There are 2 protein chains.
Amino acid sequence: MIRTHVSISLDGFTTFADGLPAWDAMPTFGPGSHGTDQLADCDAVLMGRTTFDQGFEHWVNDWPYKGKPVYVLTSRPPLRDDAADFDVSAAEGGPAEVAQRLRDRDGHLLGGANTIQAFLEAGAIDRLGIVVLPVRLERGIPLFDTEPTAFSSEAWAAADLESPTVPHRLRLESHRTFPDGAVELVYAP
Amino acid sequence: MIRTHVSISLDGFTTFADGLPAWDAMPTFGPGSHGTDQLADCDAVLMGRTTFDQGFEHWVNDWPYKGKPVYVLTSRPPLRDDAADFDVSAAEGGPAEVAQRLRDRDGHLLGGANTIQAFLEAGAIDRLGIVVLPVRLERGIPLFDTEPTAFSSEAWAAADLESPTVPHRLRLESHRTFPDGAVELVYAP
């Protein structure tokens, strides 16, 4: 079982343009807030290489994943030399391989966006948890990999009004709101 | 008081790539469903020119806005000749002028994305109601006008970790879920 619990601005960004997590838009965000305490219950932590390289210096003095193996998805090992001291290892097999390895355990996929997209594409996310923050950031790294289009009279004239093709349907599993107006939505993709 | 009640896919699209509303992704969508019955309570209906031109042929045989003035935001009047028969008129003054005109009444802004963006920019939306549909469309017209960025080591190195600038904060006014997993979120921008 692989789950995420990522923040997203109302306009779709999971980080600011400089890479800072969208969480940091909320003055009310802190350790364990907004459901991030659920990370304590998981068996393993997964993240992408960029998130790892970005987060390590921040985490190293008070390691937040104590007692849990951390798998870093990467196609360019090795990780830094001291990674093993924190039970961090490189996972080169990609989302499907990691999902298989964690089949009977609870893996928490931290991010970032590219890694979540790769897991979604591989059908390797069991619970897509997103926390919609009551902010618009206007710029940043989008959570989802999409292709925006503009209105076109030609496309509209050719539209199939009866049975549009929906690439992905999800099931809403649960939801809750936080006092600051953040809304957690958990989907089964 | 100007309010919206628009659908948005989980990945941010308010229409399919061919212009069909995201609502149509839901087999459960129909007249009055998903809170669209609240349109009956408004005093006036607002929409952009593209939405009007696109919707007219669909609406004309069973006009859904009977008894309500319809204002079409446009910089290129006139509208079609028979528009006046349905109490439809061109509003050339832009979002601020329309908001002023409707100050003591309840205006429902139907869309589309460009018009909602223009109203947001003008600070002319009092209640931003969006219904998050449990689908990913991957392509389409985004509700919000944004600028996606990619991760950059240089930007991250220069990031202000203490006080990120948040362009727009909103207040969550209400929320509800529908049986098919759609979630209505109403914000005061």
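Keep in mind it's a predicted model, so treat the numbers as computed, not measured. Letters A, B, ... mirror the listed sequences (proteins, then strands); counts begin at 1.
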(request) Decide side-chain contact (heavy atoms from CB on, under 4.5 Å) for T146(B) and E138(A); before the verdict, give the C-alpha distance in whole Å, the side-chain angles of both, and the deciding distance to 0.1 Å. (result) CA-CA 5 Å; T146(B) 60; E138(A) 294 184 333; 5.6 Å; no
(message) Please tell me whether V60(B) and L39(B) are part of a single hydrophobic cluster in this structure, the criterion being side-chain heavy atoms less than 4.5 Å apart.
(response) yes
(request) Work out which heavy atom in D18(A) is nearest to a heavy atom in A155(B); give both atom names and the distance. (result) CB-O, 3.6 Å
(message) Once rounded to the nearest 0.5 Å, what's the spacing between atom CZ of R169(B) and atom CG of L133(A)?
(response) 9.5 Å
(request) Check each atom of F13(B) against the heavy atoms of chain A and say whether the ones under 4.5 Å are side chain, backbone, both or neither. (result) side chain
(message) Could you measure the distance from the CG atom of D53(A) to the CZ atom of F151(B)? Nearest 0.5 Å is fine.
(response) 8.0 Å
(request) Verify the cluster assignment for V135(A) and F29(A): are they in a single hydrophobic cluster under the rule of side-chain heavy atoms below 4.5 Å apart? (result) yes
(message) Looking at chain A, which one of P189(B), P164(B), G181(B) has the largest number of heavy-atom pairs inside 4.5 Å, strictly under?
(response) P164(B)
(message) I'd like to know which of D145(A), N114(A), D180(A), L161(A) tops the heavy-atom pair count under 4.5 Å against chain B.
(response) L161(A)
(request) Is it possible for you to say whether F144(B) and L170(B) belong to one hydrophobic cluster, with membership spreading through side-chain heavy-atom contacts below 4.5 Å? (result) yes
(request) Quick one: pull up CG in L20(B) and CG in D160(A) and give me the separation to the nearest 0.5 Å. (result) 8.0 Å
(message) Which atoms of L128(B) are under 4.5 Å from chain A, going by heavy atoms: the side chain, the backbone, both sets, or neither?
(response) side chain
(request) Considering only heavy atoms and a distance below 4.5 Å, find which of A22(B), A25(B), S152(B) pairs most often with chain A. (result) A25(B)
(request) Could you look at T165(A) and say if it's the side chain, the backbone, both or neither that has a heavy atom under 4.5 Å from chain B? (result) backbone
(request) Before giving the answer on side-chain contact (heavy atoms from CB on, under 4.5 Å), spell out for V183(B) and L185(A) the whole-Å C-alpha distance, their side-chain angles and the decisive distance to 0.1 Å. (result) CA-CA 9 Å; V183(B) 179; L185(A) 303 173; 3.8 Å; yes
(message) Within a 6.0 Å radius of atom CG on D82(A), are there more than 12 heavy atoms belonging to other residues, nucleotides or ligands?
(response) yes
(request) Taking the side chain as every heavy atom from C-beta outward, state whether I141(B) and P148(A) have any pair of such atoms under 4.5 Å apart. (result) no
(request) Determine whether T177(A) and L172(B) make a side-chain contact, defined as any pair of heavy atoms from C-beta on separated by less than 4.5 Å. (result) yes
(request) Look at R139(B), M26(B), H58(B) and state which one has the largest set of heavy-atom pairs under 4.5 Å with chain A. (result) R139(B)
(request) Could you grab the distance from atom CH2 of W156(A) to atom OG1 of T50(B), nearest 0.5 Å is fine? (result) 11.5 Å
(request) Looking only at non-hydrogen atoms, find the nearest pair between A17(A) and T149(B) and report the distance. (result) CA-OG1, 3.7 Å
(request) Drop me the distance from E162(A)'s CD to D24(B)'s CG, to the nearest 0.5 angstrom. (result) 9.0 Å
(request) Spell out, yes or no, whether M1(A) and L109(A) are grouped together once hydrophobic residues are joined by side-chain heavy atoms under 4.5 Å, including indirect joins. (result) no
(message) To the closest 0.5 Å, what do you measure between CD1 (I130(B)) and CG (L10(A))?
(response) 4.5 Å
(message) Quick check on the hydrophobic clustering: are L79(B) and V70(B) connected, directly or via other members, by side-chain heavy-atom contacts under 4.5 Å?
(response) yes
(request) Please determine, among P134(B), G19(B), A150(B), the option with the most heavy-atom pairs under 4.5 Å with chain A. (result) P134(B)
(request) Count the heavy atoms of every other residue, nucleotide or ligand shown that sit under 6.0 Å from CG of D41(B), and state whether that count exceeds 12. (result) yes
(message) So R136(B) and L120(A), do their side chains get closer than 4.5 Å, heavy atoms only?
(response) yes
